[in-house]
Colleague: 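One structure follows; several queries about it will come next.
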Amino acid sequence: MPSDIQHTAQSSHNLSFLESFYSTYKFNDWSITVAFYAAIHIVENAIFCRKKITYLGKELTISHSDEFFGAIGRANLVLPKNQTNFTHHIARNIIVNENFPDIAGHFDLLYTNSRTARYRQYSWDKSNVEFLVKPTIKEIINWSNKNLKTNFQLDLK
Amino acid sequence: MTKNMENRIKTYEPSKVSEDFSNFLIYPQLNLFQGPQNIEELVTNFIKYKEEKARKEGAEETVKSIITAIRQEINNYIGLITKIVDFVYEAASKKIGSADFKVEEIRTNFCFETRAINVLFIIDANFDNEFSFSLLLNEVEKTVLQREGFVADMLYINKKKVELDYNSINSDYPYLRNLEKKN
């Protein structure tokens, strides 16, 4: 599993990439998706740093969201009844929802809209990404810099 | 033989004279078997028949109970999804309800094998209301996990921003909740 250093490096890499083309507004669908993938690494870094997260109020020790369902089983906690078809995105969303409520709404906005941008609608106008990407990813960055002492920068002009 | 006696023979009914036998119902059943040679064979065949019948009835009962259990599971699963989406619809209408917010469609894709809860809401909303709706979905997902033990994957598409590709949507989420009945 990647370490905190790798997660922060990958977040910064994705944020730099976003900066490189965002203001052209030619690849608005990719602005949403790249912002989401930067947010993923910010969240994974938070999970790695905290090590202990809660699931339905019970403490679990994990360093990556991929370990989530395995950790539930090892802790003899009840797995969700429809556990068989989950992706790591679902695991991460459950973790964020319960453990990082300050950014849960913002993270979900990027998750949902990046799925729409990737699989349903490829053409997004400027005002949509201005409303969606800028405030959302900035909120997640600020949260991480404040709570996890990271130093993410983003300048979208 | 007198004429009266002939009439009595003609009106003879085997079941009437069998009343003395406590198990006379066995006899009609024994007639189901072809060609028994002696009483031992008769009894053996009869026992076999009874065993076979019990096995068959047992299997039928088991199948029936399995079908009933599956039907119940399916009903519970569909009922849960219906309950969730109706709750979201009501809560969104009450909490967010404004001129700039509307749930246009609610769609799902039932998977009876995995009991996955995949719901797609098509909304028409400004950015603030979209954010409120996103928060509401997060809360509902959390509650469904806590209370019902199910993970729900609930997405939305804001049609204000995009042109919808209904071929893709119908294929991924073919079942549509009838919102007209609710209004």
Side-chain angles (χ1 to χ4, degrees), chain A residues 28-29 32 54-58 68-69 72 77-87 89-91 93-136 139, chain B residues 73 76-77 80-81 107 109-123 125-173:
Chain A
N28 292 334
D29 55 332
I32 298 164
T54 60
Y55 166 65
L56 300 180
K58 302 277 184 339
F68 181 59
F69 289 112
I72 295 173
L77 300 176
V78 180
L79 282 160
K81 292 172 187 167
N82 54 350
Q83 187 256 344
T84 51
N85 64 332
F86 298 150
T87 62
H89 286 302
I90 299 280
N93 288 351
I94 295 172
I95 294 169
V96 171
N97 243 348
E98 183 164 340
N99 293 270
F100 311 130
D102 291 346
I103 54 159
H106 300 89
F107 188 76
D108 190 62
L109 270 182
L110 288 178
Y111 168 67
T112 297
N113 281 291
S114 75
R115 273 180 74 166
T116 304
R118 273 174 290 156
Y119 307 119
R120 309 240 172 259
Q121 175 62 36
Y122 316 110
S123 172
W124 295 68
D125 68 31
K126 181 181 166 179
S127 63
N128 289 333
V129 285
E130 281 286 301
F131 268 121
L132 178 67
V133 175
K134 243 186 196 176
T136 308
E139 189 70 33
Chain B
E73 284 270 306
N76 291 345
Y77 170 61
L80 177 62
I81 294 181
R107 295 179 157 271
N109 182 7
F110 294 116
C111 179
F112 298 109
E113 198 185 337
T114 61
R115 292 186 293 169
I117 300 177
N118 296 318
V119 181
L120 176 71
F121 296 87
I122 296 174
I123 61 169
N126 64 16
F127 182 74
D128 286 344
N129 288 334
E130 178 184 336
F131 186 62
S132 302
F133 188 68
S134 175
L135 289 176
L136 173 67
L137 291 187
N138 277 355
E139 281 307 309
V140 173
E141 282 176 356
K142 210 155 63 170
T143 307
V144 170
L145 183 61
Q146 279 168 349
R147 293 196 191 163
E148 306 288 342
F150 278 86
V151 168
D153 187 20
M154 296 199 281
L155 293 175
Y156 64 83
I157 297 179
N158 188 352
K159 69 180 272 190
K160 195 181 273 309
K161 297 190 292 198
V162 296
E163 201 175 300
L164 299 177
D165 173 2
Y166 268 100
N167 282 337
S168 151
I169 289 171
N170 285 339
S171 150
D172 290 349
Y173 301 91

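Just so we're on the same page: letters track the sequence lines, and every chain starts at 1. What you see below is based on every heavy atom in this structure, not just the backbone, and it leaves out hydrogens, waters and symmetry mates.
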Colleague: Would you mind reporting whether B:Leu155 and B:Tyr173 have side-chain heavy atoms less than 4.5 Å apart?
Modeller: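 B:Tyr173 vs B:Leu155: side chains touch.
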Colleague: Tell me, side chain or backbone of A:Thr136 under 4.5 Å from chain B's heavy atoms, or both, or neither?
Modeller: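 Side chain of A:Thr136 only, per the 4.5 Å heavy-atom cut-off to chain B.
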Colleague: Answer yes or no: are there more than 12 heavy-atom neighbours, outside A:Tyr119 itself, under 6.0 Å from its atom OH?
Modeller: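 Incorrect, the count does not exceed 12.
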Colleague: Identify which part of A:Thr116 has an atom lying under 4.5 Å from any heavy atom of chain B, answering side chain, backbone, both or neither.
Modeller: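 Interface part for A:Thr116: side chain.
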Colleague: Does CZ in B:Phe110 sit with more than 12 non-hydrogen atoms of other residues, nucleotides or ligands closer than 6.0 Å?
Modeller: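 Buried by this count: over 12 neighbours within 6.0 Å.
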Colleague: Drop me the distance from A:Phe107's CZ to A:Thr112's OG1, to the nearest 0.5 angstrom.
Modeller: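 Output value for this atom pair is 10.0 Å.
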Colleague: Which heavy atom of A:Glu98 sits nearest to which heavy atom of A:Gly57, and what is that distance?
Modeller: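 Looking at all heavy atoms of both residues, the shortest contact is OE2-N, 2.8 Å.
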Colleague: May I ask you to name which of B:Ile157, B:Leu164, B:Val151, B:Asp165 has the most heavy-atom pairs under 4.5 Å with chain A?
Modeller: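 Among B:Ile157, B:Leu164, B:Val151, B:Asp165, the one with the most close pairs to chain A is B:Val151.
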Colleague: Hey, what's the ring geometry for A:His106 with B:Phe131, parallel, tilted or perpendicular (30° and 60° as the breaks)?
Modeller: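 Rings of A:His106 and B:Phe131: tilted, 30 to 60°.
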Colleague: Would you please go through residues 132-139 of chain B and name the residues with a non-hydrogen atom below 4.5 Å from one of chain A, in numerical order?
Modeller: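 Only B:Ser134, B:Leu135, B:Asn138 of residues 132-139 of chain B have a heavy atom under 4.5 Å from chain A.
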Colleague: Using the ring-ring contact (aromatic ring centres under 6.0 Å, His included) rule, take A:Tyr55 and A:Phe68 through it: C-alpha gap first, then chi angles, then the decisive distance, then the call.
Modeller: CA-CA 9 Å; A:Tyr55 166 65; A:Phe68 181 59; 5.4 Å; yes
Colleague: Please name the pair of heavy atoms, one in B:Asp153 and one in A:Ile90, separated by the smallest distance, quoted to 0.1 Å.
Modeller: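 Between these two residues, the closest heavy atoms are CG-CD1, 3.5 Å.
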Colleague: Given heavy-atom pairs under 4.5 angstrom as the criterion, report whether the side chain, backbone, both or neither of A:Leu56 touches chain B.
Modeller: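 Contact with chain B involves the side chain of A:Leu56 alone.
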